[in-house]
*Asks:* 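Dumping the structure here so I can ask a few things about it.
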Amino acid sequence: MKVTFSPIIRKLAIATLLALTLPALGEDGSRLWLRYDLMEEPLRSHYAETIKSLVAPEQGETMAAAIAEIDMAMEGLTGRKPERTTLPVAGSLVIVTLKNPLARQLVTKEELAGCGNEGFLIRSLQYRGQPIILIAANTPAGALYGTFRLIALMQSGNPLGDLHLQKRPGYKFRLLNHWDNLDGTVERGYAGRSIWWNHEGDEERLRELYTTYARANASIGINGASINNVNASPQVLTPEYIDRFARFAGYLRPYNMKIYMSVNFSSPKIIGGLATSDPFDPKVRQWWKDKVKEIYTKIPDFGGFLVKANSEGQPGPQDFGRTHADGANMLAEALEPYNGIVMWRAFVYQPEGDDRAKQAYTEFKPLDGQFHPNVIVQVKNGPVDFQPREPFSPLFGAMQKTPLMAEFQITQEYLGFSSHLVYLAPLQKEVLDADTYARGPGSTVAKTTDGTLYPSRHTAIAGVANIGRDTNWTGYHFAQANWYAYGRLAWDPGLRAGDIADEWLKMTFTRDERFVRKAGNIMMRSREAAVNYMTPLGLHHLMGWDHHYGPEPWTWFEGARPDWLPSYYHKADTAGIGFDRSPRGSNAVEQYFSPIREQYGDPGSCPDELLLWFHHLPWGYPMRSGRTLWNELAYRYTDGMLEAREFQKIWDMLEGAIDDKRFQEVKYKLKVQAREAQWWRDACLLYFQTFSRRHIPAELERPVHDLQELQKQKFDLKHHN
Ligand code: BDP
């Protein structure tokens with residue numbers, strides 16, 4: 001029998017079908033956490049009732065951005081944009097800055113003083129007996145951040161009944177560092193080519209791209225980005241490229257984001273035609289002043305320079321017998337009249353040093369107090385180089401007269417690229433919360449950098465971006481969480497990693513409680529799992545030396561001295577394993593304050609997690625767990641591997657809770673991760689086994705690969721790259 005439908009029913013059916021399938025089809029990750037899909041009841045009505053109209057009387061592009069955002073969010077979440085009214089009525093959302101007379105009726109100047117320049121308050125209030133919601137700030141930027149926070153509250157399903165929120169950022173400059181090259185490649189980028197460079201195309205599409213980028217950053221409070229690689233091409237300072245920077249600055253400006261530039265110290269010679277780039281040469285100093293003036297003519301709110309100097313072959317002031325301070329101060333002087341800043345990196349790496357972990361402190365600590373006030377020294381979170389786990393850099397707390405900023409890596413250079421799910425907020429928290437004891441107990445890294453312990457005009461934090469041209473921006477849906485969490489922590493280092501994960505999951509996937517709990521559980525376990533299957537117990541640099549992907553504990557490092565080969569970092573030998581940084585060894589522990597110095601310096605009190613970072617110990621060394629060191633190593637590797645398998649099992653339980661496209665994509669990546677966790681474990685254990693001359697403990701599964709197989713994998717990987 002042929003069933004026929006009336007045209008109206010047919011239309012309705014098609015519409016319903018489209019409504020049901022479109023969001024799912026559209027779940028390609030491109031909307032990040034700013035997915036304003038229709039809320040279910042009763043929340044939908046609750047939000048629609050609570051925000052029926054909008055009072056936002058101020059002009060300006062940042063206010064306009066806030067208004068556009070709340071319109072978009074309300075339309076998406078509730079199906080209806082708020083009406084615009086001039087005066088608050090029942091159900092109005094009022095967005096104002098202190099400048100506006102209405103603000104002064106609703107909030108006092110003193111109350112707003114606590115919000116600083118970029119903070120805000122959100123309150124449920126009565127206005128002439130009518131319930132309203134107020135977002136108030138001292139500046140449009142604060143109003144924009146408040147608007148995004150209110151939207152996030154709705155996206156994560158919070159009731160809007162009784163709001164009383166006051167926030168201000170922990171750091172003044174909250175930056176992303178893009179390591180993007182002008183040819184469009186991205187150094188250590190795993191999400192496709194650069195969104196900034198060599199990306200010509202339809203102007204409208206590009207505007208949309210940069211606007212989404214800026215919205216995403218504003219939604220988490222990031223207020224600046226350096227958009228070219230720290231291994232900087234001098235070309236960025238040519239008029240042609242300055243114009244491009246200016247164009248990008250225009251896209252980001254409404255969202256309170258400033259543009260920064262990485263500069264090459266040899267620029268005066270290379271593009272300026274000068275005989276030298278010596279910072280003491282008057283012509284060189286003038287060249288930088290003129291350049292900076294040219295930049296500010298085109299970009300009045302330009303943020304400043306980021307500099308990698310005398311590191312990994314980059315030029316710098318030491319080439320002319322000058323110090324880092326001499327170099328930084330020359331640039332600072334040029335930027336000072338425009339309130340620009342210099343972020344001078346302390347990542348100085350010359351392979352010939354005796355212990356790489358000591359180098360930054362050795363070079364920078366003596367310069368404390370010599371930098372101009374608009375210089376911030378940018379210090380990688382650990383003393384070496386973004387390893388899965390490092391102790392905090394001893395420079396934190398040690399430079400007391402120079403503002404320091406922490407640099408984290410969001411792109412997963414040493415943590416499985418965009419193939420492994422590794423949620424980085426626990427790593428960042430571990431560092432920010434670490435106690436340096438610089439001013440006694442409680443002198444956390446956060447407090448030594450956010451102005452609490454050493455008041456300074458400038459406080460800042462940086463994250464190396466994981467963003468590229470991939471549809472989902474970061475190469476992996478879960479890598480978006482690392483961008484998100486970094487921004488949230490830069491705004492408020494006191495937030496908890498688990499809370500940020502929950503919030504992100506709700507906004508990005510679904511508010512389904514079971515999903516959030518289980519996926520959040522994977523996220524919170526993921527970093528420790530990766531540490532265990534890659535570099536447990538404080539080991540580091542066991543990966544391939546050039547590509548940094550996959551295990552190569554037998555690796556040799558370019559430029560390393562012959563006597564380092566092949567195990568400069570892990571020092572495995574027949575007697576034991578680990579880098580002795582105690583007073584008996586390189587004495588890197590001396591760079592820490594007491595009692596950290598003593599605690600780390602003695603294997604009896606050094607935490608297991610950092611044991612082999614600081615000590616070379618015999619294979620039979622008795623661990624706290626009751627195992628020998630060798631057994632503990634095998635145990636941890638196996639544990640990491642089993643965790644990765646467990647993540648697959650947990651994820652599989654979540655089928656149906658989210659759209660199938662993203663579910664399957666994550667499922668596939670988790671499979672890759674689990675396989676590679678085993679690859680890491682087997683390669684490292686088998687390799688160390690040859691030194692330890694020990695058997696893999698009977699209770700643990702034996703590694704499956706033999707050495708020949710390992711060699712093959714090594715070649716496959718190199719070949720592949
Ligand atoms: C290392 C990266 C290298 C960067 C360097 C840096 O491998 O690509 O240029 O850091 O931070 O980890 O400058």
Side-chain angles (χ1 to χ4, degrees), residues 177-183 187 197 226-245 259-299 302-338 340-353 359-360 362-364 366-367 370-378 402 407 559:
N177 291 177
H178 292 261
W179 286 357
D180 293 15
N181 298 312
L182 303 185
D183 65 3
E187 179 147 343
W197 307 112
S226 62
I227 59 171
N228 64 304
N229 194 354
V230 285
N231 297 316
S233 160
Q235 294 307 316
V236 289
L237 287 164
T238 58
E240 183 202 336
Y241 274 97
I242 296 176
D243 284 344
R244 295 189 196 202
F245 274 82
I259 285 278
Y260 296 76
M261 187 190 276
S262 296
V263 293
N264 182 304
F265 203 78
S266 289
S267 301
K269 185 167 174 190
I270 301 175
I271 60 156
L274 300 188
T276 174
S277 297
D278 181 353
F280 281 9
D281 185 301
K283 284 207 202 88
V284 171
R285 297 181 89 82
Q286 192 56 44
W287 187 87
W288 281 107
K289 283 189 179 153
D290 294 343
K291 244 324 146 198
V292 166
K293 188 171 173 198
E294 181 187 338
I295 295 175
Y296 277 92
T297 317
K298 292 176 174 168
I299 317 172
F302 177 69
F305 293 146
L306 171 62
V307 194
K308 170 175 178 178
N310 292 120
S311 169
E312 296 188 321
Q314 291 298 320
Q318 292 175 346
D319 305 348
F320 312 96
R322 318 296 180 199
T323 68
H324 285 291
D326 298 332
N329 291 343
M330 169 184 65
L331 300 178
E333 224 173 87
L335 288 158
E336 170 67 30
Y338 312 92
I341 58 167
V342 178
M343 288 161 293
W344 191 271
R345 296 178 87 221
F347 176 68
V348 280
Y349 169 36
Q350 269 135 12
E352 58 275 3
Q359 206 177 332
T362 308
E363 284 193 33
F364 277 82
L367 301 175
Q370 295 183 25
F371 290 94
H372 282 198
N374 58 331
V375 177
I376 313 178
V377 174
Q378 180 165 318
T402 310
E407 175 181 319

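For clarity, every value in this text was computed on a predicted model and none was experimentally measured.
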*Asks:* Under the side chain to side chain contact (heavy atoms under 4.5 Å, CB included) criterion, do V230 and L306 qualify, and how do the steps go?
*Replies:* CA-CA 7 Å; V230 285; L306 171 62; 3.5 Å; yes
*Asks:* With the side chain counted from C-beta on, respond yes when K291 and V263 share a heavy-atom pair under 4.5 Å apart, and no when they do not.
*Replies:*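 No, too far: nothing below the 4.5 Å cut-off.
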*Asks:* Is it true that a side-chain atom of N228 and a backbone atom of S262 form a donor plus acceptor pair closer than 3.5 Å?
*Replies:*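 Such a contact is found between N228 side chain and S262 backbone.
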*Asks:* So do Y338 and I299 actually touch side chain to side chain, heavy atoms under 4.5 Å?
*Replies:*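 No; the side chains remain at least 4.5 Å from each other.
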*Asks:* Once rounded to the nearest 0.5 Å, what's the spacing between atom CE of M343 and atom CG of N177?
*Replies:*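 Here the interatomic distance stands at 7.0 Å.
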*Asks:* Sub-3.5 Å donor-acceptor pair from the side chain of D281 to the main-chain atoms of K283, do we have one?
*Replies:*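 Yes.
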*Asks:* Using the ring of each side chain (for Trp, its six-membered ring), is F302 parallel, tilted or perpendicular to Y296, with breaks at 30° and 60°?
*Replies:*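 Perpendicular.
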*Asks:* Parallel, tilted or perpendicular: which describes the rings of F265 and F320, with under 30° parallel and over 60° perpendicular?
*Replies:*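 Ring orientation of F265 relative to F320: tilted.
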*Asks:* Please examine the side chains of F280 and R285, heavy atoms only from C-beta on, and report whether any two atoms are closer than 4.5 Å.
*Replies:*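 Yes - at least one pair of side-chain heavy atoms lies under 4.5 Å apart.
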*Asks:* Which atom pairs, one a donor and one an acceptor, fall under 3.5 Å between side chains of residues 307-316 and the rest of the protein, sequence neighbours left out?
*Replies:*
from: K308; atom 1: NZ; to: N231; atom 2: OD1; distance (Å): 2.7
from: K308; atom 1: NZ; to: E312; atom 2: OE1; distance (Å): 2.7
from: N310; atom 1: OD1; to: Q318; atom 2: N; distance (Å): 2.9
from: N310; atom 1: ND2; to: D319; atom 2: OD1; distance (Å): 2.8
from: S311; atom 1: OG; to: F347; atom 2: O; distance (Å): 2.7
from: Q314; atom 1: NE2; to: N231; atom 2: OD1; distance (Å): 3.3

*Asks:* Checking ring-ring contact (aromatic ring centres under 6.0 Å, His included) against F245, which of F305, W197, Y260 comes through?
*Replies:*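 For F245, the ring-ring contact (aromatic ring centres under 6.0 Å, His included) check succeeds only for W197.
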*Asks:* Is there side-chain contact between L182 and V236, with heavy atoms separated by less than 4.5 Å?
*Replies:*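 In contact.
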*Asks:* For N264 and S267, work out which heavy atoms get closest and say how close.
*Replies:*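 Looking at all heavy atoms of both residues, the shortest contact is O-OG, 2.6 Å.
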*Asks:* Quick check: does any side chain N or O of N229 sit under 3.5 Å from a backbone N or O of N181, one acting as donor and the other as acceptor?
*Replies:*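 Side chain of N229 to backbone of N181: no pair is present.
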*Asks:* Measuring from R244:CZ to T238:OG1, what's the distance to the nearest 0.5 Å?
*Replies:*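 One finds 8.5 Å between CZ of R244 and OG1 of T238.
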*Asks:* Using the rule given for side chain to side chain donor-acceptor pair (under 3.5 Å), can you reason through D326 versus T323, listing the C-alpha separation, both sets of side-chain angles and the distance that settles it, and then say yes or no?
*Replies:* CA-CA 5 Å; D326 298 332; T323 68; 3.3 Å; yes
*Asks:* How many angstroms lie between atom CG of L274 and atom CD of Q286, to the nearest 0.5 angstrom?
*Replies:*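 It comes to 10.5 Å.
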*Asks:* Let me confirm one number: the CH2-CG distance from W344 to L367, rounded to the nearest 0.5 Å.
*Replies:*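 Reported to 0.5 Å precision, the distance equals 10.5 Å.
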*Asks:* The criterion is salt bridge (charged side-chain N to carboxylate O under 4.0 Å, His left out); which residues satisfy it with K289, sequence neighbours excluded?
*Replies:*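 Per chain and number, K289 pairs via salt bridge (charged side-chain N to carboxylate O under 4.0 Å, His left out) with E333.
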*Asks:* Grab the two heavy atoms, one from P317 and one from P279, that are nearest each other, plus how far apart they are.
*Replies:*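 Minimum heavy-atom separation between P317 and P279: CB-CG, 4.1 Å.
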*Asks:* Does the side chain of L237 come within less than 4.5 Å of W288's, by heavy atoms?
*Replies:*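 They are in contact (side-chain heavy atoms under 4.5 Å apart), so the answer is yes.
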*Asks:* Could you walk me through whether S277 and W287 pass the side chain to side chain contact (heavy atoms under 4.5 Å, CB included) test, one step at a time?
*Replies:* CA-CA 10 Å; S277 297; W287 187 87; over 6 Å; no
*Asks:* Just checking, any donor-acceptor pair under 3.5 angstrom between side chains of E336 and H372?
*Replies:*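 Note: E336 and H372 side chains miss the donor-acceptor criterion.
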*Asks:* If you compare all heavy atoms of G304 against all heavy atoms of L335, which two are closest, and at what distance to 0.1 Å?
*Replies:*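 Between these two residues, the closest heavy atoms are CA-CD2, 4.2 Å.
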*Asks:* Can you find a heavy atom in the side chain of V348 that is under 4.5 Å from one in the side chain of F364?
*Replies:*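 They are in contact (side-chain heavy atoms under 4.5 Å apart), so the answer is yes.
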*Asks:* Which pair of non-hydrogen atoms, one from A332 and one from N374, has the smallest distance, and what is that distance?
*Replies:*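 Looking at all heavy atoms of both residues, the closest pair is O-ND2, 3.0 Å.
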*Asks:* For the residue pair N329 and F371, establish whether any side-chain heavy-atom pair is separated by less than 4.5 Å.
*Replies:*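 In short, these two side chains touch, coming nearer than 4.5 Å.
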*Asks:* Using a cut-off of 6.0 Å, state whether more than 12 heavy atoms not belonging to K298 lie near its atom NZ.
*Replies:*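 Yes, the 6.0 Å shell around NZ holds more than 12 heavy atoms from other groups.
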